[in-house]
Amino acid sequence: MANYEEVFRKVVAHAKEYGFIFQSSELYDGLGAVYDYGPNGVELKNNIRDYWWKSMVNMNDNIVGLDSAIFMHPATWKASGHVDAFNDPLIDNKDSKKRYRADVLIEEHVARIESKIEKEVKKAAKRFGDSFDEEQFVSTNPRVVGYKEKCTSIMQRFAQAMNDNDLVDVKALIEELGIVCPFSGTKNWTDVRQFNLMFKTQMGSTADGATDLYLRPETAQGIFVNFLNVQKTARMKLPFGIAQTGKAFRNEIVARQFIFRMREFEQMEMQFFVRPGQEMKWYEHWKESRMQWHLSLGIDKEQFRFHDHDNLAHYANAACDIEFKFPFGFKELEGIHSRTDFDLKSHQEHSGRKVQYFDPEINESYVPYVVETSIGLDRMFLTILSNSYQEEEVNGENRLVLSIPPMLSPVKAAILPLTKKDGLPEKAKEILKSLQYDFNCQYEEKDSIGKRYRRQDAIGTPYCITVDHQSLENHTVTLRDRDTMQQERIAIEQLHRLISKKVGLNRD
RNA sequence: GCGAGUGUAGCUCAGGGGUAGAGCAUCACCUUGCCAAGGUGAGGGUCGUGGGUUCAAAUCCCAUCACUCGCUCCA
């Protein structure tokens, strides 16, 4: 594991040194868990996004795109469940230094009382034998009734306190119940604090007339609230999908592991709408299809695995992750969720509008079911980066190469005059002009040719084109392959076709 | 938020009360010309920030900020 950490350290340092990723606001000592993409980083990121968009939207005639705004009506987040689910009251035990969710502590306490009720019931059942009437017992036995009342009053008080945002009373409740920390066994608690996982902001320039808004914590809701607009205007028939990429914001309590967990990050999501009852078929379809997408990038199959969720979120009836083996272990890269009709139905209820689809095949209107594929663009970036980073030995010397899939490489080709005289730079610049319209190219004449090759290796450029004296005579150049370091001499006219074949999406 | 660690040049780090250092990187010139680190020279730091002790603080003390790691959360 120490070795993995070492590799990860190097990847992070490399990302900075070669202009892929900088920490946000570094000039001011940095801003935690926020990162900026540098000149090479933005190219790679754009290429990943393009590749996703092409394969999801352009290659599927039943998927269309959308770019919804980051600001959304605040009711959206009530409907989606985020307002409730993203507000956790937390409390620390000062002795054990452990942190707990206050609601969980209280619920566990209630659960203990409930188990006492069960014990009483069992005991009674034994005592009364066949004539035992559980319902009657539970409603009449004074001890059980007392327990039940206690549970109800605790939960009511807790609900009331949460509703009033009265965290002082939540703490008082915990103290009154005598809840102790399982580790230290003490009641030495801090105050209860609320963690807001959504970022709040205001719309409207005057303080008193402003409306509280949230920065969206996921892009999906923009798709759901536009379901009718898109379906009608693009004349889509079920099953069909809506895809969107964009920024999302989460106030993570801790943010670690470089760009794996960021406060501001970018998602690539596709929500696929299906007839109720067909969701599992499509869930399986997208599970398979998304895994194939990852494998199409040439990454080793062993680096991925599925992880099925046991504890499903409130909206899902099936969910799995595609995990990638990051340098710090297998971690979630993409989620495929069968979200049922939860979201659309909830928006229907909250908005008071009909969010339904009339299905001409069965002559019926219904709220569609949704299968979601949701991948973190930044996580995909880290996947590509950490998977590409390689150190190898060449003639007793280290070579550092990013073996990025060529279609994703920030720079497709470097054009290098062997020397910076005798008209070689001019010839090289001619070639640059002929290629740079279609490919992101770099021209370099500084330093020895070997040094330039290695610099290009370090940013993952698949091709180096070297212009030498022979080029002036017969219009040929050498084309060096990043991975094999082999060179072949080819006609300048062939360059465009060869590079296109290697870096294009269509490999035929 | 708690605990531990770190903060000196673009990067990696040395220096632990007395004029701020090295290697690499950068820039210029020379040399070489197909797999990085040849020669000469140059630029670059009020040692994270603020305060204190001292004749004197990068160095000792206090505070503060940021980052890293662990714990709590994570569709």
Side-chain angles (χ1 to χ4, degrees), chain A residues 5 8-10 12-14 16-19 22-33 80-82 85-102 104-105 181 183 190-193 195-197 217-218 220-221 248 250-258 260-261 267 269 309 311-316 319-321 328 331-332 334-339 342-343 372 374 376 394-395 397-401 416-422 424 445-458 464 466-470 477-478 480 482 485-487 489:
Chain A
E5 279 167 23
F8 187 46
R9 229 176 248 284
K10 283 184 182 175
V12 173
H14 189 83
K16 185 187 173 187
E17 188 169 356
Y18 286 90
F22 309 126
Q23 180 165 40
S24 164
S25 315
E26 201 187 87
L27 197 61
Y28 292 100
D29 284 333
L31 185 64
S80 69
H82 284 86
F86 266 35
N87 274 314
D88 293 332
L90 300 179
I91 188 168
D92 295 351
N93 183 273
K94 288 178 188 166
D95 299 311
S96 66
K97 308 290 180 199
K98 295 280 180 192
R99 173 171 292 172
Y100 301 93
R101 276 173 54 173
V104 171
L105 283 180
C181 166
F183 281 85
T190 63
D191 288 341
V192 177
R193 285 181 313 260
F195 278 72
N196 298 311
L197 274 68
E218 64 174 18
Q221 298 305 325
R250 291 182 199 177
N251 228 338
E252 307 277 2
I253 297 172
V254 289
R256 290 285 156 80
Q257 282 149 340
F258 197 40
F260 183 79
R261 183 164 296 145
Q267 293 184 308
E269 292 198 316
H309 286 206
N311 297 325
L312 295 173
H314 56 283
Y315 54 71
C320 75
D321 297 335
F328 39 84
K331 289 278 156 90
E332 176 183 356
E334 171 157 14
I336 295 110
H337 299 170
S338 175
R339 294 182 77 130
F342 175 87
D343 299 280
E372 161 190 274
S374 173
V394 177
N395 301 329
E397 278 174 341
N398 278 341
R399 182 171 88 117
L400 212 161
V401 55
L416 318 168
L418 190 59
T419 75
K420 51 180 158 185
K421 54 188 182 206
D422 303 334
L424 298 188
E445 58 178 33
K446 237 187 88 61
D447 294 318
S448 75
I449 190 69
K451 211 167 177 174
R452 282 178 275 168
Y453 286 151
R454 297 302 175 85
R455 263 206 296 268
Q456 293 299 330
D457 289 341
C464 287
T466 308
V467 178
D468 56 15
H469 291 87
Q470 207 180 322
V477 289
T478 60
R480 170 189 181 269
R482 174 193 69 198
M485 294 197 291
Q486 295 298 308
Q487 288 177 280
R489 182 161 286 277

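When reading the values below, keep in mind they use all heavy atoms of this one structure, side chains included, and skip hydrogens, waters and symmetry mates. Keep in mind it's a predicted model, so treat the numbers as computed, not measured. In what follows, chains are A, B, ... by sequence order, proteins preceding strands, each numbered from 1.
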K.L.:
Using the C1' atom on both, measure G51(B) against C11(B) and round to a whole Å.
P.N.:
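One C1' to the other, the span is 32 Å.
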K.L.:
What does Arg399(A) touch in the nucleic acid at a heavy-atom separation under 4.0 angstrom: a base, only the sugar-phosphate, or nothing?
P.N.:
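No contact.
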K.L.:
Starting at CG of Asp447(A) and ending at C1' of C30(B), how long is that distance when rounded to a whole Å?
P.N.:
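Atom-to-atom, Asp447(A) to C30(B), this comes out as 14 Å.
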K.L.:
Determine the interatomic distance between P on C61(B) and the same-named atom on U68(B); round to the nearest Å.
P.N.:
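Here C61(B) and U68(B) have their P atoms 26 Å from each other.
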K.L.:
Can you check the distance between C60(B) and U6(B), where both ends of the measurement are the P atom (answer in whole Å)?
P.N.:
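Looking at atom P only, C60(B) and U6(B) are 12 Å apart.
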K.L.:
Quote, to the nearest angstrom, the P distance that separates U31(B) from G44(B).
P.N.:
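One P to the other, the span is 28 Å.
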K.L.:
For Lys451(A) and U31(B), give me the distance from atom NZ to atom C1', rounded to whole Å.
P.N.:
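Value for this atom pair: 14 Å.
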K.L.:
Counting only side-chain N and O atoms of Lys420(A), is one of them less than 4.0 Å from OP1 or OP2 of G33(B)?
P.N.:
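No.
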K.L.:
Can you tell me, in whole Å, how much space there is between the C1' of U59(B) and that of U53(B)?
P.N.:
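Approximately 13 Å lies between the C1' atom of U59(B) and that of U53(B).
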K.L.:
Looking at Arg480(A), Arg452(A), Arg482(A), which one forms a salt bridge (charged side-chain N to carboxylate O under 4.0 Å, His left out) with Asp457(A)?
P.N.:
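Of Arg480(A), Arg452(A), Arg482(A), salt bridge (charged side-chain N to carboxylate O under 4.0 Å, His left out) with Asp457(A) is met by Arg480(A) alone.
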K.L.:
Base of C35(B), side chain of Asp457(A) - is there a donor-acceptor contact under 3.5 Å?
P.N.:
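Checked by distance alone, the answer is no.
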K.L.:
For U40(B) versus C34(B), give the span between their C1' atoms, rounded off to a whole number of Å.
P.N.:
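Nearest-Å result for U40(B) against C34(B) at atom C1': 26 Å.
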K.L.:
Rounded off to whole Å, could you give me the CD1-to-C1' distance for the Ile449(A) and A37(B) pair?
P.N.:
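In whole Å, A37(B) C1' and Ile449(A) CD1 are 16 Å from each other.
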